[in-house]
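Working notes, beginning with the structure itself.
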Amino acid sequence: MRIGAHVDQTDPLASARAKSAEVVQFFLGDPQGWKKPVVPDALREVAAGDVDVYVHAPYVINVATSNNRIRIPSRKLLVQQLEAAAEIGAKGLVVHGGHVLKDDDPETGFENWRKVFERLDFPIPVLIENTAGGGNAMARRFDRIARLWEVLSGVDGLDGKLGFCLDTCHAHAAGEELIDAVDRIKAITGRIDLVHCNDSRDAFGSGADRHANLGSGQIDPELILTVVRAAAAPVVVETPGDGQADDIAWLRENLT
């Protein structure tokens, strides 16, 4: 099991060495912006070494919405992010599930996701991530994720395009019990490709996406270990940076 962290995009390899990380995840540009990602020369060789690389797509991407002014630019930016992530050898692009408008039928969002997988090219997999809050979210509650996967299962040639990223803080905040979260997600998706291993500053079911270092938040550390063991997938901590090295060391010590 390879363990690492979400790091700054400036020098991911230096950050990996400083934190003893075997995996790095980073943004390619502003996580709240719409600009096309630019890949610095220094990043083109980041995956050539012994560190696994994942890219997190900007938070603004929302391909589920019926709002054309958001959905159409989201698809364009998603393609640009996929191409840039593939250029640096990333193993996957993590993307939030997005949400529909307040008065929209959730089926609109599921169908918009289906169109993404039918119409776009995928040089690397999109890893859809469960999210923490929002009643209109596509991937907050596991029943919504199940419906999304049901709709996507009708897309031809889906292998190599679609994966899943399980975030422990998000599941806790969404009100999903962690004790059997891996079994329930695997029953839906058949896979977990990446774990975002985060404690939560807030209570179960709060809907708040606020990460904490492992053991300093509201999630029982044993539940975090249970998820990581059962998922048997690469692990990325997205916890506050000053404590990431300790979080990685704690996971290694307690998972052996």
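As a basis for the values below, the full set of heavy atoms in this structure was taken, side chains included, without hydrogen atoms, waters or symmetry mates. What you see is a predicted model, and the numbers here were worked out from it, not measured in a lab.
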Closer than 4.0 angstrom, basic N to acidic O: yes or no for E111 and R114? yes
What I want to find out is whether D143 reaches R141 closely enough, with some N-O distance under 4.0 Å, to be called a salt bridge. no
Might you confirm whether atom NZ of K19 has over 12 heavy atoms from other residues, nucleotides or ligands at distances under 6.0 Å? yes
Polar side-chain atom of K91 near backbone of D52 as donor-acceptor pair, under 3.5 Å: no
Ion pair present between R147 and E107, side-chain N to carboxylate O less than 4.0 angstrom? yes
Consider side chain to side chain donor-acceptor pair (under 3.5 Å). Of D104, T108, N112, which one does S66 pass it with? D104
Can N213 and H211 be counted as having a side-chain donor-acceptor contact under 3.5 angstrom? no
Which atoms form the tightest heavy-atom contact between A212 and T239, and what is the distance? O-CG2, 3.1 Å
side-chain contact (heavy atoms from CB on, under 4.5 Å) partners of T10, counting only residues at least two apart: D8
Centroid separation H96 to H56 less than 6.0 Å: yes
Donor-acceptor side-chain pairing of D167 and N130 below 3.5 angstrom: no
Under 6.0 Å between ring centres: does that hold for F27 and H6? yes
Tell me whether V94 shares a hydrophobic cluster with V23, the cluster being built from Ile, Leu, Val, Met, Phe, Trp, Tyr side chains joined at under 4.5 Å. yes
Hydrogens and angles aside, do H172 and Q218 bring a side-chain donor and acceptor to less than 3.5 Å of each other? no
Under 4.5 Å between side-chain heavy atoms, counting indirect links through other Ile/Leu/Val/Met/Phe/Trp/Tyr residues: same cluster for I188 and L158 or not? yes
In the single-linkage hydrophobic clustering (I, L, V, M, F, W, Y; side-chain heavy atoms under 4.5 Å), do L214 and V195 co-cluster? yes
Backbone of G97 reached by a side-chain donor or acceptor of W113 within 3.5 Å: yes
Cluster check I179, I185: I/L/V/M/F/W/Y, side chain < 4.5 angstrom: yes
In short, D209 meets H170 closest at the heavy-atom pair OD1-NE2, 3.0 Å
Nearest non-hydrogen partners of C169 and I219, listed with the distance: CA-CD1, 4.2 Å
Gap between atom CG of N62 and atom CG of L77 - 0.5 Å precision: 12.0 Å
CG on L178 to CG on D180, rounded to 0.5 Å: 9.0 Å
